[in-house]
Amino acid sequence: MSFVRTHGGNRSSGLIILLVSYAAILLTGCSSIFDARKQKTPMILLYEQGKYKEAALAFEEKAKDREDTGDELMWRMEEGAIFFAVGNYKKSIKAFTRAEKILEDYDKRADYNARRGGAEAGSVLTNANALPYKGNYFEAILLDAYKALDYFAIGDSEGARVELRKMYYNQRKVIDLHQKEINETQQAADKKKYNQKQVMGRVRGFNKIQNSLKDYKNKTYGNYAVPFATYLSAIGYLTDKDYDGATVDFRNLYRMSPDNPQIQRDYVTCARQSGQDVPDELEKVQPADYPLVSNIVFVIVANGRIAARKGITIHLVLPPPVTGYSGVAFPIIEYFAPPCKFVEIEYGKDKSAKTVPIADMDQIVTQNYKDELPAMIMRLFISVAAKETANFFALQAAKTQGDAAYWGTVIATSTYKYIFNTPDTRCWQLLPKEYQVTNFPKPPDNHIKVNINGDGWRKTQDICLDPKKKMAILYVMTPVKNRAVVKVFEFN
């Protein structure tokens with residue numbers, strides 16, 4: 001690029017920056033300026049207040065608005081989740097199906113094409129939000145899981161099993177792709193000598209990243225597993241009276257959480273029914289005294305709100321010579337307190353079942369964030385270097401045009417860098433913090449009482465089950481304190 005001295009030099013320098021800014025906005029979309037977390041704040045507030053229908057309309061409108069953009073996948077997952085919460089399961093299925101189509105399109109594309117090349121270039125000029133959002137591995141897995149729940153909700157257990165089988169085959173592919181991306185990013189970082197710890201240590205404020213992460217080093221599910229998805233898969237097998245298939249899932253769950261009493265009992269129950277051996281250490285575990293394939297209620301508690309990405313911005317004023325504003329924006333993890341301790345279901349005479357945690361989603365979020373951190377660091381500093389290099393040459397050219405041109409360029413470049421100093425906080429926020437589960441036999445009178453026990457609060461709901469249905473899933477949502485929704489999905 002060459003610069004020609006003119007009397008309107010300051011205007012031409014500013015115009016160049018302005019044109020680049022407009023081009024970047026058109027190429028990257030609104031998330032490059034207004035991060036996803038801030039865009040979703042009013043909708044999440046409606047969700048927390050229990051205004052699910054209003055929240056659903058807002059998410060639906062936003063998803064339509066972001067159609068065919070790099071952000072659409074995220075909005076479709078939120079749309080599917082909120083319509084599930086509302087009880088409009090057909091709309092939920094439609095939203096999740098669209099999200100699946102987007103993921104399939106990403107899989108079919110070549111490793112490098114014009115669209116991806118444009119996104120990579122846009123991310124250097126602006127920020128990581130210019131890259132299309134492909135979701136996290138656990139989001140792709142849970143997308144199938146929730147679609148299966150939608151089918152259970154409308155009484156289509158076969159449709160649910162189809163989704164669960166698809167989830168089973170897809171999750172290996174998703175996990176392998178996730179691991180491949182981690183390896184490629186680490187190799188690229190090593191090649192460019194981007195040492196994560198050294199880079200973070202050079203910039204004041206990056207200690208907030210490490211301080212924001214909870215320590216899960218003594219607890220792991222391994223192999224990027226999502227225990228809730230595996231548990232739901234087991235339920236799918238049991239609805240098909242397949243103890244063998246369920247045993248495989250419960251065995252895998254036992255390996256993930258060997259001390260979980262609910263998993264131990266379900267594993268032993270299915271293994272005994274299918275004639276399979278159980279580990280020696282579980283020989284004394286008593287199996288359930290009722291069948292898990294008929295006249296049974298499975299309980300799932302979606303407790304709290306999953307940890308979400310939240311942006312921090314580090315503003316820098318570099319020393320003389322004056323080069324204007326500089327800064328970096330980065331996502332950190334924000335955790336939320338669990339509103340529910342446990343759910344107890346009273347059934348029959350003096351009988352009850354109490355839920356136990358089966359999947360800590362915050363742990364999975366944290367591990368995924370740590371896996372992605374090298375890529376985030378590398379992209380951030382490539383982008384900062386590119387912007388500062390462009391800034392340097394623009395200011396050098398402006399100096400030859402006088403003070404007015406120079407300060408005009410300082411203002412223009414500073415404004416550009418400030419506007420696009422936006423963190424990538426995209427994630428699926430309408431997921432729970434943890435899942436709890438239990439199961440119990442349908443009582444003869446088909447009446448149950450659901451007691452939701454929180455920290456300083458309690459809600460109770462009486463439910464009458466359909467005597468004509470052989471199986472049920474009791475799904476309890478407790479997104480925030482003092483708020484709960486109980487759903488009953490019944491089928492044969």
Side-chain angles (χ1 to χ4, degrees), residues 31 35-48 52 55-56 58-60 62-63 66-67 69-86 91-103 106 128-129 131-150 163 167 170-171 174-175 177-178 224-229 232 302-311 331-336 359-369 371-372 376 423-435 477 479-480:
S31 289
D35 75 77
R37 180 71 180 273
K38 291 179 181 178
Q39 291 181 58
K40 284 190 277 188
T41 295
M43 306 171 199
I44 296 296
L45 182 60
L46 289 171
Y47 176 74
E48 291 177 338
Y52 300 126
F59 275 113
E60 181 181 30
K62 190 67 175 180
R66 301 304 297 158
E67 189 170 352
T69 70
D71 293 343
E72 185 182 0
L73 174 62
M74 175 189 69
W75 291 107
R76 291 300 180 187
M77 291 190 296
E78 302 287 20
E79 181 188 20
I82 193 63
F83 276 118
F84 174 79
V86 168
K91 272 198 170 184
S92 179
I93 290 172
K94 183 179 178 181
F96 285 135
T97 300
R98 174 60 185 169
E100 283 181 325
K101 178 66 167 56
I102 295 170
L103 284 174
Y106 285 142
N129 290 282
L131 296 169
Y133 185 69
K134 299 181 180 180
N136 299 308
Y137 73 91
F138 63 87
E139 292 176 347
I141 294 170
L142 287 175
L143 192 160
D144 288 328
Y146 271 91
K147 199 174 176 186
L149 284 171
D150 280 321
E163 294 300 324
M167 178 189 73
N170 282 344
Q171 65 180 340
V174 169
I175 291 169
L177 285 172
H178 176 71
Y224 303 110
V226 181
F228 168 66
L232 192 61
N303 186 25
R305 285 179 50 208
I306 193 170
R309 297 193 177 192
K310 176 182 179 181
I332 60 173
I333 300 296
E334 182 178 14
Y335 300 90
F336 304 97
D360 185 341
M361 292 306 300
D362 285 359
Q363 175 191 345
I364 295 173
V365 168
T366 302
Q367 183 59 53
N368 184 83
Y369 179 89
D371 291 341
E372 292 184 357
M376 289 190 283
D424 184 359
T425 58
R426 291 174 294 181
C427 59
W428 187 359
Q429 287 186 242
L430 296 185
L431 288 173
K433 180 184 185 70
E434 70 169 2
Y435 292 96
M477 294 171 49
V480 293

Worksheet, complete the sentence: Sorted by chain and number, sequence neighbours left out, side-chain hydrogen bond (donor to acceptor under 3.5 Å, both in side chains) with Asp150 holds for Ser92
Worksheet, complete the sentence: Scanning both residues in full, the closest heavy-atom pair of Thr425 with Ala36 reads OG1-N, 3.4 Å
Worksheet item: Picking from Met361, Glu434, Lys433, what satisfies side-chain contact (heavy atoms from CB on, under 4.5 Å) with Ile306?
Response: Met361
Discussion item. On a heavy-atom basis, which atom in Tyr52 and which in Val86 lie closest, and how many Å separate them?
Written reply: O-CG2, 3.4 Å
Discussion item. Does this structure show an ion pair linking Glu334 with Arg309, if we count only N-O contacts that are shorter than 4.0 Å?
Written reply: no
Worksheet item: If you look at every heavy atom in Pro423 and Gly311, which pair is closest and at what distance?
Response: CG-CA, 3.5 Å
Worksheet item: Backbone N or O of Ile44 within a donor-acceptor pair of the Gln429 side chain at under 3.5 Å?
Response: no
Practice prompt. Locate the shortest heavy-atom distance separating Met74 from Cys427; write the atom from each residue and the value.
Written response: CG-O, 3.6 Å
Worksheet item: Does some side-chain heavy atom of Pro227 sit less than 4.5 Å from a side-chain heavy atom of Ile364?
Response: yes
Worksheet item: Looking at Glu72, Glu139, Arg66, which one forms a side-chain contact (heavy atoms from CB on, under 4.5 Å) with Tyr133?
Response: Glu139
Worksheet item: Does Lys134 count as lying over the ring of Tyr106, i.e. NZ or CZ under 6.0 Å from the six-ring centre, within 45 degrees of the axis?
Response: yes
Practice prompt. Please assess Asn136 against Val365 for the test side-chain contact (heavy atoms from CB on, under 4.5 Å), listing each intermediate value before the final yes or no.
Written response: CA-CA 9 Å; Asn136 299 308; Val365 168; over 6 Å; no
Practice prompt. Would you check if Trp75 and Gln39 make a side-chain contact, meaning some heavy-atom pair closer than 4.5 Å?
Written response: yes
Worksheet item: Can you name the nearest heavy-atom pair linking Leu232 to Ala145, along with the distance?
Response: CD2-O, 3.4 Å
Practice prompt. List the steps, then state whether side-chain contact (heavy atoms from CB on, under 4.5 Å) holds for Tyr435 with Asn303.
Written response: CA-CA 6 Å; Tyr435 292 96; Asn303 186 25; over 6 Å; no
Item to complete: Given salt bridge (charged side-chain N to carboxylate O under 4.0 Å, His left out), test Lys147 with Glu100 step by step and report yes or no.
Response: CA-CA 10 Å; Lys147 199 174 176 186; Glu100 283 181 325; 2.7 Å; yes
Item to complete: Please state whether the rings of Tyr146 and Phe228 are parallel, tilted or perpendicular, taking 30° and 60° as the class boundaries.
Response: tilted
Worksheet item: Rounded to the nearest 0.5 Å, what separation is found between the NZ atom of Lys101 and the CG atom of Leu73?
Response: 12.5 Å
Worksheet item: Going by an N to O cut-off under 4.0 Å, is there a salt bridge joining Arg98 and Glu79?
Response: no
Item to complete: Report yes or no: does Asp360 contribute a side-chain atom to a donor-acceptor pair with the main-chain N or O of Asp362 at less than 3.5 Å?
Response: yes
Item to complete: Please determine if Asp424 and Arg426 form a salt bridge, counting it only when a charged side-chain N lies under 4.0 Å from a carboxylate O.
Response: yes
Worksheet item: Given the rule in the side-chain contact (heavy atoms from CB on, under 4.5 Å) test, do Phe59 and Met77 qualify, once you have shown the distances and angles that lead to the verdict?
Response: CA-CA 10 Å; Phe59 275 113; Met77 291 190 296; over 6 Å; no
Discussion item. Rounded to the nearest 0.5 Å, what separates atom CG in Leu142 from atom OH in Tyr137?
Written reply: 10.0 Å
Discussion item. For Met167 versus Ala229, what's the shortest heavy-atom pair and its separation?
Written reply: CE-O, 3.2 Å
Worksheet item: Can Glu67 and Arg76 be said to form a salt bridge (charged side-chain N to carboxylate O under 4.0 Å, His left out), step by step?
Response: CA-CA 9 Å; Glu67 189 170 352; Arg76 291 300 180 187; 3.8 Å; yes
Fill in: Distance-only side-chain donor-acceptor flag, Glu372 / Asn368, under 3.5 Å
yes
Worksheet item: Can we say Glu48 and Arg305 salt-bridge, meaning some charged N sits less than 4.0 Å from an Asp/Glu carboxylate O?
Response: yes
Worksheet item: Got a second to check how far Met477's CE is from Leu430's CG, nearest 0.5 Å?
Response: 8.5 Å
